[in-house]
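Here the structure is laid out as structure tokens; the discussion comes afterwards.
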Amino acid sequence: MKRWAQGALYALVLLLLLLLEWLCRLLPGGMALPLLLPLAVGTAAALEGPAFGAGYGLSAGLLAYMSRFSGGGEIVLFALLGGLCGLLQDLLPKPLPRALLAGGFALLAASLSRGLFWWLAGRASLAAAAGAVFWDVLLSLPALPLVYLLCRSIQKSSRHSRAEGEDG
């Protein structure tokens, strides 16, 4: 698989997860919503490495910024999370625990930063912000195996193609 095709598939994963986030926003609820983009950033970064993770995080952050009309902090946060999660590639040799740990870490960090922002901006009390963080994580974690399977299949197909000399 050529590198541009791999990038396009990873971009499709982001768009699919963003669509799922939008659909969840249509449901009645409170402040807690699933955060699926950080899952993709952490998982893909853990599988592909820190440089890819930072770029993918930057792309996800820009997408989140444009879709939610939120502050630009998500752009920097997602890029940093991608780079950090990519560093796990040297620490954990097995892809499954590495990707699950990185996806969970990215989700928790993004949710905590959102709850902290709500609390500091006066939008929610500390208890309400903590509750929103809890529900964000609880609503998002079931998607982690699906995100892992999507990212791992992209990674496997691109590595298989590179081994055959088809990379371009």
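We number each residue from 1, following the sequence as shown.
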[atom1]/[X] to [atom2]/[Y] distance, rounded to the nearest 0.5 angstrom?
X	Y	atom1	atom2	answer
Met66	Ile75	CE	CD1	8.5 Å
Leu37	Glu74	CG	CD	8.0 Å
Glu48	Thr43	CD	OG1	11.5 Å
Ser157	Leu9	OG	CG	6.5 Å
Leu35	Ser111	CG	OG	5.5 Å

If you define the side chain from C-beta out and look only at heavy atoms, does anything of [X] sit under 4.5 Å from [Y]?
X	Y	answer
Val147	Leu36	no
Val133	Arg114	no
Phe105	Leu108	no
Leu150	Leu146	yes
Arg98	Leu91	no
Tyr10	Leu14	no
Leu144	Leu100	yes
Ser67	Trp22	yes

**OP:** Ignoring hydrogens and angles, state whether a donor on the side chain of Gln155 or Gln6 is under 3.5 Å from an acceptor on the partner side chain.
**Re:** no
Cluster question for you: counting only ILVMFWY and a side-chain heavy-atom cut-off of under 4.5 Å, with indirect links fine, are [X] and [Y] together?
X	Y	answer
Leu107	Leu92	no
Leu39	Leu77	yes
Leu47	Phe52	yes
Leu87	Leu80	no
Val76	Leu63	no

Which heavy-atom pair separates [X] from [Y] by the least distance, and what is that distance?
X	Y	result
Ala40	Cys151	O-SG, 4.5 Å
Ala106	Cys85	CB-SG, 4.2 Å
Leu81	Ala109	CD2-CB, 3.6 Å
Ala129	Ala124	N-CB, 4.2 Å
Gln89	Gly49	OE1-CA, 3.1 Å
Pro50	Gly86	CD-O, 3.4 Å

Original post:
Counting N and O atoms only, with roles assigned by atom type, does the side chain of Ser140 sit under 3.5 Å from a partner on the main chain of Val137, one being a donor and the other an acceptor?
Top reply: no
Original post:
Is the gap between the ring centers of Phe78 and Tyr56 under 6.0 Å?
Top reply: no
